[in-house]
Q: 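My structure is below; once you've seen it, I'll send some questions.
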Amino acid sequence: MPSQILPVTHHHRGTEAAAMLIKAEIERDDPTTSLLISSEYEDVEKAITSIKPVLSRTSSYNNNNITSPNDSPGLGNCYQQRRRRSASDNSLSSLSGSNGSGAASSAGGSRRHSFSKDVGRAAAETFLVTRLSFKLLRYLGVGYRWIVRFLALGCYSLLLLPGFIQVGCHYFFSSQVRRGIVYGDQPRNRLDLYFPKSSDGPKPVVAFITGGAWIIGYKAWGSLLGQQLSERDIIVACIDYRNFPQGTIKDMVKDASQGISFVCNNISEYGGDPDRIYLMGQSAGAHIAACTLLEQAIKETGEGESTTWSVSQIRAYFGLSGGVLWYFLTVLPPKSTNRYNLFDLVDHFHSRGLYRSIFLSIMDGEESLRQYSPEVLVQDPNTRHAVSLLPPIILFHGTADYSIPADASKNFANTLQRVGVRAESILYEGKTHTDLFLQDPMRGGKDDMFEDIVAIIHADDQEARAKDAVAPPRRRLVPEFMLKLARSISPF
């Protein structure tokens, strides 16, 4: 049944029409045409279909049962693994020079060829997403809130540009980064891998879902985190996913699940330890990752459900500055008899420029808000068995976060504890939404949240803890005065 859109008062004339057109495209269940807002954008469809991945589409994880790494050299059939290894430069063997000068020369040529294609693809995808965003805003009518936020975002990015340039150079030129690995059939079904310099034994793995308000998320946003965690002998997989209007929350969760499945089933080929995989999400990505984890647990408790990965393969879940839906659906004081206070949630985002019709379209309609609200779901008696399967959950939040209040993580952790899940919230005094993820890492030196995450991952590895204790302080990427000014004008 198509979702209903709430009636809107005092909004732009184009808003309701835009939502109707977007919903119509979404309901056709065509991932390509769902990008289009009206027929005048047919050229966008051509641009999408012209984007071709560097790698062949993945076809080796349709198995219903998860195969243990001890059962065979890899997961899937051997022919497909050999074919994937020979067809791409995405295995760790290309990082090693032990195969002789001929192999090194071939790998170097392959990397140069792959680099040029990766740059072109990244530019095309970034241009496409930006173009679609501006067309959507123009169609709706850009209000003063959006203008102010875009100006603030531009100034914020400019102030952090010295750091972005350095991170970008590492992203495009480092041999420790593998970009654009295909994990599914949709246009945005790609991930980036960040490798440690050493390859002595299997490494712990972090599967990371980036934030972006469900609209501007992109895998490259995790490059700073990937670079810094890889310096501590941790492999990071930054998973891309369809954003709105290319897809709704249902599509985002589906993409995230496919990306996690790829990591769980294939990371051993890249030097990762399949028994030490951690799931992490930031902001909207934390919401998507939490929904994905819960959905997977519910599938595993259902009868006849086909799954390609298991919640038991995730050692722990890290949520960074997340909790948009779980906070507003359960914490805000009700103004009506509505049990979950949905109208307050919609009003909140509407006041910040994310109009009611668009937000409800992102969330697949009003009736889906409960389904994609983690704190509400875990309290449902029907999901009690699924909740018992969840891994330990650690939520990180700054107390000065005005985008998503720290109470979001505190209350979610308390709810999880009440239903029997191992959970805790770690709060950082005076930190904002962007301090934890951008300003503090770019400041260099010691970063409390980063050290806390590394300590959890290396808790059972005495040798890794010893290395962490003598790790040199990270270098500064941006001058302090620019960081402080960026913090004061951040639109997040």
Side-chain angles (χ1 to χ4, degrees), residues 69-70 92 95 170 174 176-178 191-210 222-239 260 263-264 266-282 285-286 289 293 311-322 390-397 409 413 421-428 431 436-437 440-475:
N70 299 324
L92 273 181
L95 297 176
H170 179 84
S174 174
Q176 312 311 131
V177 182
R178 287 290 175 268
L191 58 84
D192 297 328
L193 288 178
Y194 298 79
F195 298 105
K197 289 184 178 179
S198 64
S199 56
D200 53 342
K203 308 292 184 183
V205 182
V206 170
F208 182 61
I209 312 294
T210 62
S223 55
L224 178 58
L225 178 72
Q227 176 183 343
Q228 295 180 339
L229 284 177
S230 66
E231 292 172 356
R232 294 295 187 91
D233 266 3
I234 299 169
I235 294 177
V236 180
C238 289
I239 300 170
I260 296 168
V263 172
C264 290
N266 297 276
I267 201 61
S268 59
E269 297 179 23
Y270 300 94
D273 187 346
D275 296 323
R276 289 189 292 167
I277 298 175
Y278 298 82
L279 178 61
M280 181 187 299
Q282 188 266 337
L293 200 60
V311 172
S312 63
Q313 293 176 279
I314 306 299
R315 288 284 292 269
Y317 166 69
F318 303 139
L320 281 57
S321 305
L390 293 177
I393 293 177
I394 303 98
L395 307 176
F396 305 88
H397 221 118
S409 292
V421 179
R422 290 176 55 192
E424 66 173 314
S425 59
I426 301 176
L427 305 182
Y428 301 91
K431 299 298 183 181
L436 296 177
F437 191 64
D440 285 355
M442 288 188 174
R443 183 171 280 112
K446 183 180 179 182
D447 180 346
D448 290 337
M449 188 187 76
F450 177 81
E451 296 297 338
D452 288 341
I453 292 172
V454 172
I456 295 170
I457 295 174
H458 287 161
D460 299 328
D461 190 335
Q462 186 174 356
E463 182 180 350
R465 292 202 311 272
K467 291 181 180 179
D468 292 336
V470 296
R474 293 178 300 171
R475 63 187 181 88

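Every heavy atom of this structure was used, including side-chain atoms; hydrogens, water molecules and symmetry mates were not. What you are looking at is a predicted structure, and each value in this text was computed from that prediction instead of being measured.
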Q: If every non-hydrogen atom of Tyr278 is compared with every non-hydrogen atom of Arg315, which pair is closest and at what distance?
A: CE2-CB, 3.6 Å
Q: Could you measure the distance from the CD1 atom of Ile426 to the CD1 atom of Ile456? Nearest 0.5 Å is fine.
A: 5.0 Å
Q: For Ile453 and Phe396, run side-chain contact (heavy atoms from CB on, under 4.5 Å): C-alpha distance rounded to whole Å, both residues' side-chain angles, the deciding distance at 0.1 Å, then the answer.
A: CA-CA 9 Å; Ile453 292 172; Phe396 305 88; 3.8 Å; yes
Q: Give, for atom CD of Gln282 and atom CD1 of Ile209, the distance between the pair rounded to the nearest 0.5 Å.
A: 12.0 Å
Q: Please find the pair of heavy atoms, one from Ser409 and one from Gly322, that lie closest to each other, and give the distance.
A: OG-O, 4.1 Å
Q: Starting at CD1 of Ile394, measure out to CZ of Arg422 and round the result to the nearest 0.5 Å.
A: 8.0 Å
Q: Would you call Asp468 and Arg465 a salt bridge, taking side-chain N to carboxylate O under 4.0 Å as the test?
A: no
Q: Compare every heavy atom of Phe437 with every heavy atom of Leu224, then report the nearest pair and how far apart it is.
A: CD2-O, 4.1 Å
Q: Step by step, work out the salt bridge (Lys or Arg N to Asp or Glu O under 4.0 Å) result for Glu231 and Lys467.
A: CA-CA 11 Å; Glu231 292 172 356; Lys467 291 181 180 179; over 6 Å; no
Q: Rounded to the nearest 0.5 Å, what separation is found between the OH atom of Tyr428 and the NE2 atom of His397?
A: 12.0 Å
Q: Do you know which two heavy atoms are closest between Gln227 and Tyr194, and how far apart they sit?
A: N-CD2, 4.0 Å
Q: State whether Phe450 and Arg474 meet the cation-pi test: NZ (Lys) or CZ (Arg) under 6.0 Å from the six-membered ring centroid, and within 45° of the perpendicular axis.
A: yes
Q: Would Phe318 and Ile457 count as a side-chain contact (heavy atoms from CB on, under 4.5 Å) here? Give the steps.
A: CA-CA 11 Å; Phe318 303 139; Ile457 295 174; 4.0 Å; yes
Q: For Val311 and Leu390, work out which heavy atoms get closest and say how close.
A: CG1-CA, 4.1 Å
Q: Check side-chain contact (heavy atoms from CB on, under 4.5 Å) between Asp273 and all other residues, then give those that pass, not counting sequence neighbours.
A: Pro202, Asp275, Arg276
Q: Quick one: are Gln176 and Ser230 in side-chain contact, heavy atoms under 4.5 Å?
A: no
Q: Could you walk me through whether Leu436 and Leu320 satisfy the side-chain contact (heavy atoms from CB on, under 4.5 Å) test, starting with their C-alpha distance in whole Å, then the side-chain angles of each, then the deciding distance to 0.1 Å, before giving a yes or no?
A: CA-CA 8 Å; Leu436 296 177; Leu320 281 57; over 6 Å; no
Q: The test is side-chain contact (heavy atoms from CB on, under 4.5 Å); show your working for Ile260 and Ile314 and say whether it passes.
A: CA-CA 9 Å; Ile260 296 168; Ile314 306 299; 4.2 Å; yes
Q: Are any of the side-chain heavy atoms of Ile277 and Cys264 separated by less than 4.5 Å?
A: yes
Q: On a heavy-atom basis, which atom in Ile239 and which in Leu191 lie closest, and how many Å separate them?
A: CA-CB, 4.0 Å
Q: Can you tell me how far the NZ atom of Lys203 sits from the CG atom of Asp461, to the nearest 0.5 Å?
A: 9.0 Å
Q: Would you please test Ser198 and Asp233 for side-chain hydrogen bond (donor to acceptor under 3.5 Å, both in side chains) and show each step?
A: CA-CA 7 Å; Ser198 64; Asp233 266 3; 3.0 Å; yes
Q: Do Pro391 and Leu293 touch side chain to side chain, with heavy atoms closer than 4.5 Å?
A: yes
Q: Got Pro196 and Ile235 here, is their nearest side-chain heavy-atom distance under 4.5 Å?
A: yes
Q: Taking atom CG of Asp440 and atom CG of Asp448, what is their separation to the nearest 0.5 Å?
A: 8.0 Å
